[in-house]
Chemist: 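The structure's right below; bear with me while I get my questions together.
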2 protein chains.
Amino acid sequence: MTDGTPTDDTVESLPEESRCYCPLGGVMTLLSRKHAMEVVCIVGALGPVRYSEIETAFGEVSSSTLSTRLNELTEAELLSRERHGEIPPRVEYELTADGQELRERLVPLVRWVENRNGSLGLG
Amino acid sequence: MTDGTPTDDTVESLPEESRCYCPLGGVMTLLSRKHAMEVVCIVGALGPVRYSEIETAFGEVSSSTLSTRLNELTEAELLSRERHGEIPPRVEYELTADGQELRERLVPLVRWVENRNGSLGLG
DNA sequence: CTGTATCCGCGGGGATACTG
DNA sequence: CAGTATCCCCGCGGATACAG
């Protein structure tokens with residue numbers, strides 16, 4: 001999208017041997033951790049955002065967990081951490097280019113899930 | 001897609017208040033469980049598929065875990081279970097209409113992740 | 001073949017306290 | 001403010017045995 005990566009994966013166009021059924025590691029494992037997708041969405045939606053703002057956007061998440069998630073995503077280069085290093089400390093998180101590409105794939109999924117949560121009684 | 005649900009969620013068109021940063025429950029929690037997304041992809045890719053075929057498609061997954069995942073997804077009406085009830089028992093899993101909608105959102109995500117796994121050393 | 005039942009270990013994640 | 005360190009517990013998920 002930003003780099004010419006093909007994104008026209010309409011399901012109909014996928015060949016039988018679409019390589020879906022292979023062991024997914026790394027990022028997929030990361031994304032399966034609690035609140036990981038939400039963090040990506042929040043940071044994407046709120047733009048450059050501070051730690052406490054993310055914390056507030058969540059109703060429920062402990063600081064340790066959020067911190068861990070943030071580090072993992074930053075480590076995976078999905079998030080960038082910018083320190084405006086003075087006192088009081090000011091740090092801003094933002095999606096990297098890769099993070100935005102991820103979010104583009106995440107948003108349709110999340111929105112679809114939200115709709116289902118609403119229409120059925122699954123939430 | 002099959003029912004007129006809007007699917008044109010290009011990120012650019014999303015307003016600032018895109019409701020991404022809300023507590024996601026139910027299906028999202030389910031999808032965050034181990035191998036859940038893979039199961040959806042496998043069943044989608046392999047069409048009506050038997051238990052043992054799914055088990056084989058995974059290199060590593062215990063029968064209990066697979067069984068649990070299958071039940072959860074069926075319970076959520078993302079999968080359908082069809083019993084051709086004789087002996088030997090023959091059961092086939094298939095995506096429901098909802099399951100296919102989900103898979104449509106999952107495939108771009110999964111494929112993108114796979115590419116990253118390949119290009120970086122994250123897998 | 002298609003699962004379920006049981007046991008159990010490991011680690012994810014919450015709470016809390018504390019630091020730069 | 002922006003986290004990290006620690007403790008601890010729950011529950012996910014693997015292994016195994018067994019059932020319809």
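Each chain gets a letter, A, B and so on, in the order the sequences are listed, and its residues count up from 1.
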Chemist: Going by atom types only, do Thr65(B) and Ser62(B) share a side-chain donor-acceptor pair under 3.5 Å?
Modeler: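 Judged by distance alone, the side chains do pair up.
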Chemist: Between the protein and nucleotides 18-20 of chain D, which nitrogen or oxygen pairs come in under 3.5 angstrom?
Modeler:
none

Chemist: Would you kindly give the NE2-to-C1' distance between His84(B) and dT2(C), to the nearest whole Å?
Modeler: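 One finds 13 Å between C1' of dT2(C) and NE2 of His84(B), rounded.
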Chemist: If only side-chain N and O atoms of Arg50(B) are considered, is one of them under 4.0 Å from the OP1 or OP2 phosphate oxygen of dT2(C)?
Modeler: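 Yes, within the criterion.
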Chemist: Is it true that a side-chain atom of Ser80(B) and a backbone atom of Thr96(B) form a donor plus acceptor pair closer than 3.5 Å?
Modeler: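 Here the side-chain-to-backbone pair does not exist.
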Chemist: Between P on dT16(C) and CG on Leu66(A), what's the gap in Å once rounded to a whole number?
Modeler: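 After rounding, the gap between these two atoms is 17 Å.
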Chemist: Counting heavy atoms from C-beta on, name the nucleotide in dT16(D), dG14(C), dA2(D) closest to the side chain of Val61(A).
Modeler: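 Between dT16(D), dG14(C), dA2(D), the one nearest the side chain of Val61(A) would be dG14(C).
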Chemist: Any base atoms under 4.0 Å from Thr65(B), or only sugar-phosphate, or nothing? Heavy atoms, all strands.
Modeler: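 Since a base atom lies under 4.0 Å of Thr65(B), the category is base.
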Chemist: May I ask you to test the Ile54(B)-Leu46(B) pair for a side-chain heavy-atom distance under 4.5 Å?
Modeler: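 Not in contact.
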Chemist: Check the distance between dG3(D)'s P and Glu75(A)'s CD and give it to me in whole angstrom.
Modeler: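 Nearest whole value for this atom pair: 15 Å.
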Chemist: Rounded to the nearest angstrom, tell me the gap between atom NZ in Lys34(A) and atom C1' in dG12(C).
Modeler: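 In whole Å, dG12(C) C1' lies 9 Å from Lys34(A) NZ.
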Chemist: Side chain of Tyr93(B) only, heavy atoms from C-beta on: which candidate in dG3(C), dG14(D), dG13(C) is closest?
Modeler: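 Looking only at heavy atoms from C-beta outward on Tyr93(B), the closest nucleotide is dG3(C).
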Chemist: Any side-chain heavy-atom pair from Leu73(B) and Val43(B) closer than 4.5 angstrom?
Modeler: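 Leu73(B) vs Val43(B): side chains apart.
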Chemist: Among dA2(D), dG14(D), dG12(C), which nucleotide has an atom closest to any side-chain atom of Arg33(A)?
Modeler: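 Nucleotide nearest to Arg33(A)'s side chain: dG12(C).
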Chemist: Any carboxylate oxygen within less than 4.0 angstrom of a Lys/Arg side-chain nitrogen, looking at Glu92(A) and Arg50(A)?
Modeler: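 Arg50(A) and Glu92(A): not salt-bridged.
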Chemist: It should be established whether Arg69(B) places a side-chain nitrogen or oxygen under 4.0 Å from OP1 or OP2 of nucleotide dG13(D).
Modeler: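 Looking at the OP1 and OP2 atoms of dG13(D), one of them is under 4.0 Å from a side-chain N or O of Arg69(B).
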Chemist: Ignoring hydrogens and geometry, is there a side-chain-to-backbone donor-acceptor pair from Arg105(B) to Trp112(A) under 3.5 Å?
Modeler: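 No, Arg105(B) side chain to Trp112(A) backbone: no donor-acceptor pair under 3.5 Å.
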Chemist: How many Å lie between CD on Glu72(A) and C1' on dG13(C), as a whole number?
Modeler: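 Atom-to-atom, Glu72(A) to dG13(C), this comes out as 11 Å.
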Chemist: Classify the side chain of Ser64(B) versus the base of dA15(D) as yes if they form a donor-acceptor pair under 3.5 Å and no if they do not.
Modeler: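 Side chain to base: pair found, below 3.5 Å.
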Chemist: Compare side-chain N and O positions of His35(A) against OP1 and OP2 of dG14(C) and report whether any pair is under 4.0 Å apart.
Modeler: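 Yes.
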Chemist: Please confirm whether the shortest side-chain N or O distance from Ser63(B) to OP1 or OP2 of dG3(C) is below 4.0 Å.
Modeler: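 No, no such contact exists.
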Chemist: Is Glu114(A) salt-bridged to Arg111(A), cutoff N-O under 4.0 Å?
Modeler: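 Looking at Glu114(A) and Arg111(A), the cut-off is not met.
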Chemist: To the nearest angstrom, how far is Glu55(A) atom CD from dG14(C) atom C1'?
Modeler: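 So the CD-C1' distance, Glu55(A) to dG14(C), works out to 13 Å.
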Chemist: Rounded to whole angstrom units, what separation is found between the CG atom of Leu30(B) and the C1' atom of dG13(D)?
Modeler: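 One finds 14 Å between C1' of dG13(D) and CG of Leu30(B), rounded.
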Chemist: Between Arg83(B) (CZ) and dC1(C) (P), how many Å, whole number?
Modeler: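 To the nearest whole Å, that distance equals 15 Å.
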